[in-house]
Amino acid sequence: ACGTDDGGDTGTDTGTKSSAGKVGVILPDTKSSARWATADFKYLTEAFKAAGVEADIQNAEGDKTRFTTIADGMIASGVKVLVIVNLDSGTGKAVLEKAKTAGIATIDYDRLTLGGGANYYVSFDNTEVGKLQGQGLVDCLTEKKATKPVVSYLNGSPTDNNATLFKQGYDSVLKPKFDAGEYVKGPDQDVPDWDNAQGGTIFEQQLTSNKNIAGVLAANDGLGNAAIQVLKKNKLNGKVPVTGQDATVQGLQNILAGDQCMTVYKAIKKEADAAAELAIALAKQETPSTATKTVVDPESKAEVKSVLLTPQSITAANVKDVVTDGFVTKEELCTADFAEACTKAGI
Amino acid sequence: MTTTTETAGGIQVVKPTVASHTRDYFARIRGGDLGTLPAVLGLLVLVLIFGTARSETFLSALNFANLFNQSAQIVFIAMGLVFVLLLGEIDLSAGFASGVCGAVMAILLTTHGLPWYVAIPAAMVTGVVIGLVLGVLVAKLGIPSFVVTLAAFLGFQGVLLTLLEGGKNISITDEFVKALNNGTLSVRDSWLFAIVGVGGFAAAQLLRWRGRVSRNLIAEPLGIVAARIAGVALLAFSATYVLTLERAVNKAITSLKGTPIVVPIIVVFLVIWTFVLARTTYGRHVYAVGGNAEAARRAGIPVDRIRISVFVICSFMASIGGILVVSRQSSVDPNTGGSNILLYSVGAAVIGGTSLFGGKGKVIYAVIGGAVIIVIENGMTLLGLNSGVKFIFTGLVLLAAASVDALARRRAAATGS
Amino acid sequence: MTTTTETAGGIQVVKPTVASHTRDYFARIRGGDLGTLPAVLGLLVLVLIFGTARSETFLSALNFANLFNQSAQIVFIAMGLVFVLLLGEIDLSAGFASGVCGAVMAILLTTHGLPWYVAIPAAMVTGVVIGLVLGVLVAKLGIPSFVVTLAAFLGFQGVLLTLLEGGKNISITDEFVKALNNGTLSVRDSWLFAIVGVGGFAAAQLLRWRGRVSRNLIAEPLGIVAARIAGVALLAFSATYVLTLERAVNKAITSLKGTPIVVPIIVVFLVIWTFVLARTTYGRHVYAVGGNAEAARRAGIPVDRIRISVFVICSFMASIGGILVVSRQSSVDPNTGGSNILLYSVGAAVIGGTSLFGGKGKVIYAVIGGAVIIVIENGMTLLGLNSGVKFIFTGLVLLAAASVDALARRRAAATGS
Amino acid sequence: MAATPLLELRGIDKSFGPVQVLHDVGLSVYPGEVTALVGDNGAGKSTLVKCISGIYSIDAGTVTFEGREVSVHNPRDAAALGIEVVYQDLALCDNLDIVQNMFLGREKKRGIVLDEATMEEMAGETLRSLSVRTVKSLRQLVSSLSGGQRQTVAIAKAVLWNSRVVILDEPTAALGVAQTAQVLELVRRLADNGLGVVLISHNMNDVFAVSDRIAALYLGRMAAEVKAADVTHSQVVELITGGRSGNLGLPPERPSDFIDITPGEVKK
Amino acid sequence: MAATPLLELRGIDKSFGPVQVLHDVGLSVYPGEVTALVGDNGAGKSTLVKCISGIYSIDAGTVTFEGREVSVHNPRDAAALGIEVVYQDLALCDNLDIVQNMFLGREKKRGIVLDEATMEEMAGETLRSLSVRTVKSLRQLVSSLSGGQRQTVAIAKAVLWNSRVVILDEPTAALGVAQTAQVLELVRRLADNGLGVVLISHNMNDVFAVSDRIAALYLGRMAAEVKAADVTHSQVVELITGGRSGNLGLPPERPSDFIDITPGEVKK
Ligand SMILES: Nc1ncnc2c1ncn2[C@@H]1O[C@H](COP(=O)(O)OP(=O)(O)OP(=O)(O)O)[C@@H](O)[C@H]1O
Ligand SMILES: Nc1ncnc2c1ncn2[C@@H]1O[C@H](COP(=O)(O)OP(=O)(O)OP(=O)(O)O)[C@@H](O)[C@H]1O
Ligand SMILES: O[C@@H]1[C@@H](O)[C@H](O)OC[C@H]1O
Ligand SMILES: [Mg+2]
Ligand SMILES: [Mg+2]
C-alpha cells in the first residue's frame, strides 16, 4: 500500500541543473486536507520536473517552528524563488521578510499572507469556496423541500485562516436565510485541527442536543464524512444534506452514494501549474506574464499581482468532471461498492 | 467479646463481621485508602453538573449510549497504558500506534478487499509487533521509554502518512467492522449479556469466598459479598434498562435500542486483564517489577521480559482502540490517533488512580478515568461553547474532577499512611 | 609510593595527580558514569551524518547560526522543565504557557502599542503567575502534576485562542523584540562576549580550585582545571570565529555576520541556573526533594515551597521561550507553543540525561539535548524528504542518537554501579 | 535527676486506618539522662518517635516540651524545638553525597553561596569521631555506601547541631564493633552535656550500658517506665515479650479492645 | 567436617569505577556448617554476597559450586544452583503484601490461577516459626511493617525453599530478643540439615553461638578463615579492626596499592 505513486517517493529534488535557479516550496500540513500531500505535491513536482527546474518541496506538518526552520534551510541552500502556503500570516510574513533580505523572489500559494508583501499570489478564492458550499446546501435543502430546516455548522480549525474565510463565504449565503426566518440556525462549532474523529463526536453531540438538524455545513470532505457516519448510525444519511470541500475520493463516493450533497472542487493541477510557471519564470529571471489580476492585501492595502482560479461546485450530476480533469482516477473512485453509482453518474 | 479465629498457619485474628467490616471500611476511607472512590465521586459530580446544565440532552438515553462509542478508543488505549504505567514506563506512541493499526485494517479491507476476519487479526498482529519492537528497545537497549516512544510517536505518524499515501482518507464499507463501534445488541441479547455478566460476577465472588472459608482463612463476611454483588447487579440492570429504551433521533425513520456492541467488547477485555493482573503469576510479577525492579530481579523474575510484555499489551490494546475508532468513523485519516488522544488516555489512567511511578493501578481505573474524560468532552460539546472558551472550561472541569480526588486523598497524607 | 594528604577533619586520602585523575576518569567512564558524554557523542554522530549528506548547506556558517535561533524556544522550555523533572514532576502545559506569554507580549506591543520594556516584563510576570497557580495546585492540593498540567495544557490553549480572538494572529513590529531572536551582535561585540565569557569561566574555575587548595581539601590537579578551561576557550573561540564569517545569502544585498543575540541570552540563563542548582541552598534542596522527598521533609526542608518554586521557574522560562519564538516569527498565533514543542522540550531534557523520576539532571543537559533535537530537525529539513518519510527518519535518527547514549550507559548496569 | 522532664508525652493514641498502633502512651524524657525505649518488633517504638517528630499526626494525647504544651505538625517544628532524630529507616537522599546529606536543611553559606569547604571539614571531623574508616571520599554518593556507613552518616547528621533532645532509633543496628562503641559513648556524652536522649535498641547489653531509665512498650501500650538501676536484664526481657514482669507492667486482665494475635497460643 | 566445600570462591576482585572494593578474596562454604563472615563496616561483606548471587558481576576470580566452576550472571542463576540470600538491604516490594512478597518469583498455582490460599497458609506457618507476634494481617502491605517485621519477612522468604546454600547478611540487625533467638536457632537448624550457611553479623556473641568457621574481611581482603573453636572473641575483633591478630591475618607489610584512609592515624 505504501506509495510507489509519485506522492510517496523520497527525494524531491527534481530536474537537472539548468540555467534556472533552484525553487523552494513549503506546504503547510497534511492534517487539514489530503490535498497538500496528494495533489499539490504531485502536481508541483511534475510541473518543475517537466520544466527541468530544480525544486525542493517540503511540508511543515502544521508546525510553525518547523515552517520557519524549513525556510531557513531553503534560504541557506540558495533557492532563488520561495513559494509558501503559510500556516498563518504571522510566520508567513517573517519568512517572506527573511527571503526578501536574502534577495529571493516570493510567491504566496493558495493562502495570502496578510501584510506579507509577496511578489505574487496564486489561489482560489476562499470566500468563494464558502459561498459555493452555502449555495450548495441551499440547493439541496430546496430540492428536499425542507421547511424551516435547522442548519448546523461544522467549521474548520479555529487556527486556520482559510476556515475563517470559508465561514465568511457560507455565512454570506446562509445568514440572510436565518435572518429571514427561512432557515433556523443550529449548533455552530469549530473542529480543532480539522480532526475528523473529534468532528464526529462534535457532530454527534450537535445531533443529540438538536434532533431536528436538517442540514450540515461541513467545511470539508473529511468533516463531512465524520458527520455522515453519525447520521448513518441514526439512519438519517441521505435525508440530511451534508457539504464538503476538496473533491476527495471519500467525498465523491459519499456524493455518489447519495449521503453527501456537494463538494467543492479546486482544480489543484491548474493552481500548481500556475504557481510553477510563475516560479520558473522568476527562477530564470524573466518577468512573468500570467499574473494578470490583482488582489488587495487587506492589511497593507498593497496590490499583489495574482493568478486567481475559480473553484467549482460538484454534485452527483457533475462528479464526472473531476474524473475527466484527472484529479481522481476512475479506479480509485469506482470501487466495487460504487461501480453502479459510477455508471449512473456517467463515469 | 470479639471472636477470634485461627487461620493460616495458626496466626490468630479476629473474625470479621458485617458490622466490623463496615466499620473498618469507613476507618480506611477516613484514613485515606480510597481506591476508585474519588474518581467515581468526580464522575458523579460531573454528571450532576452537566445533567443540570443540559438535563434533557445530557441525561437522555441517546447520549448515554453515545458515551460508550465515544470513549472506546481512549478506554482501550488507557487500559493498555495501565500496564506500561505499572512499570513506571510511558508509551507516547500508543495514540499513533492505534492509528497505524486502524490504517492497516482499513487498507486490507478497502484497498485489498480482504474480509474482516483477515483485516482485524492483521491489525492486532501489527499492534503486537509494534509493542515488541518498543519493548525490546526499552528493555534490552536500555533507552528510556520516553525517548523510544517519542521517536515512535514521530515515526508512526510518518508510517500513517505513508500508508495513507500522503494524507488520503480511506473509507471502509465492511458492515461487520462498522457494527463494532456503531451497532447495538438486540434488546434480548442486551438483557442476556447483563444477566450472564452479573451471574458470572456473582459466581466468581461466591466461589472465592467459599474457597477461603473452607480453608479456614479470613474471609469477608457473606453479607458484604452479597452487597457487592447486589450493587453490580443494580448498576448493570439499570444501565441495560436505559440502553434498551427507544432512543432514535427520529422515531419515524428508524428504531434504535439495545446495548452498544462496544460495551461487551470493553467488558470482556476489562475482565480478562483484571484477571491477569490479579490472579496470575504474570500479573503479580508486573506489580513486583513496578514496585521495586531490583527486588523483583533478586527474586528471579525475568524483568526484561516483563518489561517487553507490557509494551506488547499496550500496543495490542491500542490496535483494538484503532480498530474501534476506524469502525466509528468508517474511515481512517492521517490524524487518527493523533491530537489529544494520547494525553487523554494517559490522563484517564492517572485520574482513575494509576501512579506514573509504577506499582499502583488497575485496569478498571482506566475505564473509570476514561469515563471522566469522555463525560467532560461529551458534556462540554453539548454546551456548544466557542472553541477558546470550551478549551478553558474543559481544563477547569478536568481540574475540578481531579481535585475531588486529591482532596479526598489528602486525608491519607495527614494521617500518615 | 602514593602521596597521601590529610584533609577535611583528618580523613586521609590520596592526593590526586594529573595522571591518577585521568586514570580515574577513564575508570569512571568504563564503569558507566558518563555524564553528558553520550549526548555529546550522539550530537557528534548527527553532525557527521548530516554533514556528509548535505555538506555545503548543513555545515555552512549560515546554517550554524540558524541553529541557535531555531533552538531557542525548546532550549528555554527544556531548561525550565529540568527543574520540574528534578522533582519527578511534569509540566505538560509549558508549551502553551510559552504561547500565552508570547501572546501577552504581542498584544501589549501591537494592540496596546506599549513599549517593549513594558511588554516583555509583563510576559515574564504572566509566566510566574502561571507557575504559581500550577505549583499551588500540585503542592497544596496534591493533584498529580500530570493531571494539573494536562488541564492547563487544555486551558492555556483556550486562553491563547481567546486572547487571539478566536484565531487571529498578531504580528509585532517592535525592532527590539524582533532583534532578540533574529539579530546578531556586531563582530566586535561577538568577540568581546566570547572573551568575557571564557575569562569569567576561567576565573570561576581557578578561584574555586584555589579555595580548596588553600583549605587543604582534595582538589583536582591544576593541569585538569587548565585543560578544562582550554577546552571551553577553544569551543567558544572557534564558534565565534565561524559566526563572525560573512554568511549572507546574497552578499550584494546585505551583510550578515556576528554571534546571534540569542546566544548570550541562552548563556546567561544557563550560567544563572547552573549556579543556582550547584551553589545555592535552594538548588541543593531541589535535588534533595527530588531524590527523597520524605528525607527532605525530615530534614526540615519546606518541600511544598520547593515544589511550587520549580513550577514558577518552569513557567518563567517558558515565558522567555515564548518571547523568543514570537520574536523569531514576528507574530503569535493560536498554535504558538503547540504541536510538538512540549514533547521535544521534555525529550531534550531527557536525552541530555535528566531523569523523569527526579533527583538527577542539570541545566546544561537541556541545552545539549535541545541541540540534539534541533540538529535533527534542521538536518532533516535540509534533506528535503517528503512528509511521511521525514517523520519516519526523524524518529529513527532520534532513536539512533539515544542508543549511543543507552549503549554507553549499559556498561554501568553491567558493572553494577 | 532533674525533676521536670524536658519532653513529656501523655495519652498518645495513633491509628493507621482501622489499625490502632499506639494506645494511651506516655513517656518522659529528662535532661542529662538517657531513656531507653524498648519493645518487641512491631510494638510501636518507631511510630511513637515519628509522632514526636511530627512525621505522623497524633489522634489524641499531648506533647509537653519544657513544661509547655506544644503541637508539632512537621519535622520543622520538632527541629525548631531542638528535637533531633535518627530514624530507623535512615531517610538519606541517595542522589546526594555524604557532606550534602549531613548538612541537608542546614547548609553553611557564605553570602548566598554554599560554603562547601567548611561543610566538608566539619563533616570529616564528625565522621572521624565516629570511627569511620572506610569511606573513600566525603564526596561519595550515599547510594554507594555500605549499610553501616549509611547509618553512621545518619547519626553524624543528627549530632552536628545544638539540640535539646536527641532520639536515636536503633542507631547501632548495622554498626561494627568499634563503631558501636563510639556511638554508645556519644550517647552517654550527649546526656552528660545535659541533653535529653532517647535510645531505642533491642540489645540489652547496650541498653544497660548507657541508659538511666527504661521505658517498655508492649503491643502499643506503655508497659512500664523504670529506673535502669531498679531492674534486671531478664525483667526487661519479660516486659518486652509479655508486657509484665512480677508487679511491673500491664495489669493481667486485658483491655476490652485488646486482641492477642500471638501465633499458636491458646485460642478462646 | 566435609572435605569438599559446597561453594568456593577464589581470587575475587571487584571494582566500582575507580574504587576497588574486593581484592583477591577467597571463601569456602561447607555443607552442614555455618560460616560466619565478619568484617568492619565497609569491609566488603555485602559486596561479596552480591557477587556470589549474581547481582554484581565480578572483575576476576572463580566461583566453584560442588566442585564445578560456575558463572552466575544474575540472581536466577544463583537460585537455580540452590543459593538463597537474605540481603542487608531487604529488597521487598513495598506495594505488595506479606504473602505476595514471600512467594515472589515462586508463586504457587492451581492451573494458571494463583493459589492464594495455599500461599497464605504456608506464609503463616513460616512466620509463626519465627516468633512473629505483631503483624495484624498476612495481607498487610510490607510498606506498613516495622523494621523488624520487614526483616522477618525477608528471612522467611529465603528459607521457604529447598536450597543448598543460604546466605544471611546481618539478618538479626533489626530483630527483637525473641526473634533473634529464633533466627539463630533456624540458622543452626539449616546447617544441621546439611545446608551450607553463611552468616554475616557484627554481633560476636551471635557469631560464636552458631558458627563453625569464621572468615574475616579487612578492607576488601580476606584476612583469615579459621575454625570458630580455634579463636577467641578478642582475636576476631582484632582481625576485624586491624586485619591481623598475632600470626593470624594479613602480613604486616601492606600491598603497594593499599591506601590507609583511617582517619587521624600516622601519615606518610
Ligand atoms: N502505615 C502503617 N499502616 C498500618 N500499620 C502500620 C503502619 N506503620 C506501622 N504499622 C504497624 O504498627 C506497628 C508498630 O510499628 P513500629 O514501626 O512502630 O514498630 P517498632 O516498635 O518500631 O518495631 P521494630 O522494632 O521492628 O522497629 C507494627 O505492627 C506495624 O505493622
Ligand atoms: N556502588 C558502589 N560504588 C562505589 N563504592 C561502593 C559501591 N558499593 C559499595 N561501595 C563501597 O564498597 C565498600 C564495601 O561495601 P559493603 O557494602 O560491601 O560493606 P559491608 O562490609 O557490607 O559493610 P557493612 O557492615 O556496613 O554492611 C564500602 O566502602 C562502600 O562504600
Ligand atoms: O482545502 C482546504 C484548505 O484550503 C484549508 O486550508 O485546509 C482545509 C482544506 O480542506
Ligand atoms: Mg522500629
Ligand atoms: Mg553490608
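Numbered from 1 within each chain, the chains take letters A, B, ... in sequence-line order. Because the structure is a prediction, the values reported are computed rather than measured.
- Of the listed residues (D:Asn205, D:Thr180, D:Leu175, D:Val21), the greatest number of heavy-atom pairs within a distance under 4.5 Å of chain E belongs to D:Leu175.
- Looking at every heavy atom in both residues, E:Gly42 comes nearest to D:Gln149 through CA-NE2, 3.7 Å.
- The candidate from E:Gly148, E:Gly39, E:Ser201 with the greatest count of non-hydrogen atom pairs under 4.5 Å with chain D is E:Gly148.
- For the atom pair E:Ser146 OG and D:Asp40 CG, the distance stands at 9.0 Å (nearest 0.5 Å).
- Residue contact with chain E, scored on non-hydrogen atoms closer than 4.5 Å, involves the backbone and the side chain of D:Thr241 alike.
- For D:Asp169, no part sits under 4.5 Å from any heavy atom of chain E, backbone or side chain.
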### Task
Under the side-chain contact (heavy atoms from CB on, under 4.5 Å) rule, what do D:Asn203 and E:Asn203 come out as? Steps first, then yes or no, please.
CA-CA 10 Å; D:Asn203 187 316; E:Asn203 187 318; 4.2 Å; yes
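- Using a 3.5 Å distance cut-off with no hydrogens or angles, the side chains of D:Asn41 and E:Gln151 do not pair a donor with an acceptor.
- For a residue to count as touching a neighbouring chain, one of its non-hydrogen atoms must lie under 4.5 Å from one of that chain's; by this rule D:Asp89 does not touch chain E.
- Interface summary for chain D: among E:Glu170, E:Gln140, E:Gln179, the most heavy-atom pairs under 4.5 angstrom belong to E:Gln179.
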### Task
Could you go through the side-chain contact (heavy atoms from CB on, under 4.5 Å) check for D:Thr172 and E:His202 one step at a time?
CA-CA 10 Å; D:Thr172 62; E:His202 290 296; over 6 Å; no
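- Taking all atoms of both residues into account, the shortest heavy-atom contact from E:Gln88 to D:Ala174 is NE2-CB, 4.3 Å.
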